[in-house]
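Written out below as structure tokens is the structure these notes cover.
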Number of protein chains: 2
Amino acid sequence: MSSTPPPRVGDAYNPDCPTRHILDRIGDKWAVLVLLSLKDGPVRFNLLRRRIGAISQKMLSQTLKSLERDGLVSRAAFATVPVTVEYRLTPLAGGLIGILDQITNWAETHVGDIMAARRAHDAGVEAMAA
Amino acid sequence: MSSTPPPRVGDAYNPDCPTRHILDRIGDKWAVLVLLSLKDGPVRFNLLRRRIGAISQKMLSQTLKSLERDGLVSRAAFATVPVTVEYRLTPLAGGLIGILDQITNWAETHVGDIMAARRAHDAGVEAMAA
DNA sequence: CAGAATCCCGATCGATACTG
DNA sequence: CAGTATCGATCGGGATTCTG
């Protein structure tokens, strides 16, 4: 036993380190897209589904549940006919959204550089193969 | 041909959107850990391996290659005996590191909230099941 | 409309062994 | 030391079907 080995800060390599949990959440492609889809206000399930487009109903449902579990998204059901369900970001998610926006901003500004590097690298590799 | 379909900004849902490429890179758990491991200077292959600990040499090698391809990491080999290879961040990766640091900071500050939300949620679910 | 349950394929990843 | 190659197990995730 003697559990809880040193949860060292800044040591995200240790699976025991709680930071890893958040990193894994960010690492979840769908989770990030869902969070970004919700940043302008509450959205219903199927609308969310259509917005993201590429996501399957299963993954959306699954992603929403895990985000709700982590307190990043809240669910509200209305007893209309048929039933309506809205998802929205929690205050906790607010700060995270800011960072995610920075990532997309960075991506938009530097995607050209990355694509260029990729082409240059691939050209080099191709030359070697020839 | 007629490639490059509308790379709409802010529309990361579209797989054709270049932003997705970066999101996928971030979504790569190992890639993020490798980048963070390199932020204090160049590191040799096996040292990197030992630092991250949980990574297999296959994944490390694979991750490094893709990061190099994207111009985020550069490789330098020295003809010592035995051979020495150093990996370091490129200038391009600099800005990205700043954002990744923000993520780990956010994670460290809010992991408590998330864990608490998770426990509360699980308790509720357990109550339902009973 | 919102979601749960089932089936199932293929990408991912780890362990192992070999090379320069 | 710094990798590559191969194999096998795991599992994420899509398509489909059914319910409240």
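Throughout, a chain's letter reflects where its sequence line sits, starting with A, and its residues are numbered from 1. The structure displayed is predicted, hence computed values, not measured ones.
- Between C:dG14 and B:Arg49, no contact under 4.0 Å exists linking OP1 or OP2 to a side-chain N or O.
- Salt-bridge formation is not detected for the pair A:Lys29/B:Asp24: no Lys NZ or Arg NE/NH1/NH2 atom is positioned less than 4.0 Å from an Asp or Glu carboxylate oxygen.
- Minimum interatomic distance between B:Ile55 and B:Arg49 (heavy atoms only, all atoms of both residues): O-NH1, 3.6 Å.
- Nucleotide C:dT6 holds its C1' atom 9 Å from the NZ atom of A:Lys58, rounded to whole Å.
- Where B:Arg50 and B:Lys65 each meet DNA chain D at their nearest nucleotide, the meeting point lying more 5' is that of B:Arg50.
- Taking every side-chain heavy atom of A:Gln57 into account, C:dA5 is the closest of D:dA2, C:dA5, C:dT16.
- Remark on DNA chain C: of its neighbouring residues B:Gln62 and A:Thr84, the 5'-side contact belongs to A:Thr84, judged by nearest-heavy-atom nucleotide.
- Here the side chain of A:Ser66 pairs a donor or acceptor atom with the backbone of A:Thr63 at under 3.5 angstrom.
- Counting non-hydrogen atoms under 4.0 angstrom, B:Tyr87 reaches the backbone sugars and phosphates but no base.
- Here the C1' atom of nucleotide D:dG12 and the CG atom of A:Leu60 are 16 Å apart, to the nearest Å.
- Of the possible donor and acceptor atoms, one in the side chain of A:Thr90 sits under 3.5 Å from a partner among the backbone N and O of A:Gly71.
- Taking side-chain N and O atoms only, B:Arg75 has a distance below 4.0 Å to OP1 or OP2 of D:dG3.
- Listed pair A:Ser61 / C:dA2 fails the phosphate criterion, with no side-chain N or O lying under 4.0 Å from OP1 or OP2.
- The interatomic distance linking B:Asp28 (CG) with D:dG12 (P) rounds to 15 Å, in whole Å.
- Going from atom CD of B:Glu86 over to atom C1' of D:dG3 covers 16 Å, rounded to whole Å.
- Looking at A:Asp28, its side chain does come within 3.5 Å of a backbone N or O of A:Trp30 through a donor-acceptor pair.
- Between the P atom of D:dC1 and the CZ atom of B:Phe45 lies a distance of 11 Å, rounded to the nearest Å.
- Rounded to an integer number of Å, the gap from B:Met59 CE to D:dT6 P is 18 Å.
- The nearest whole Å value for the distance from the NZ atom in B:Lys29 to the P atom in C:dA11 is 20 Å.
- The CD1-P distance, from B:Ile52 to D:dA2, rounds to 14 Å in whole Å.
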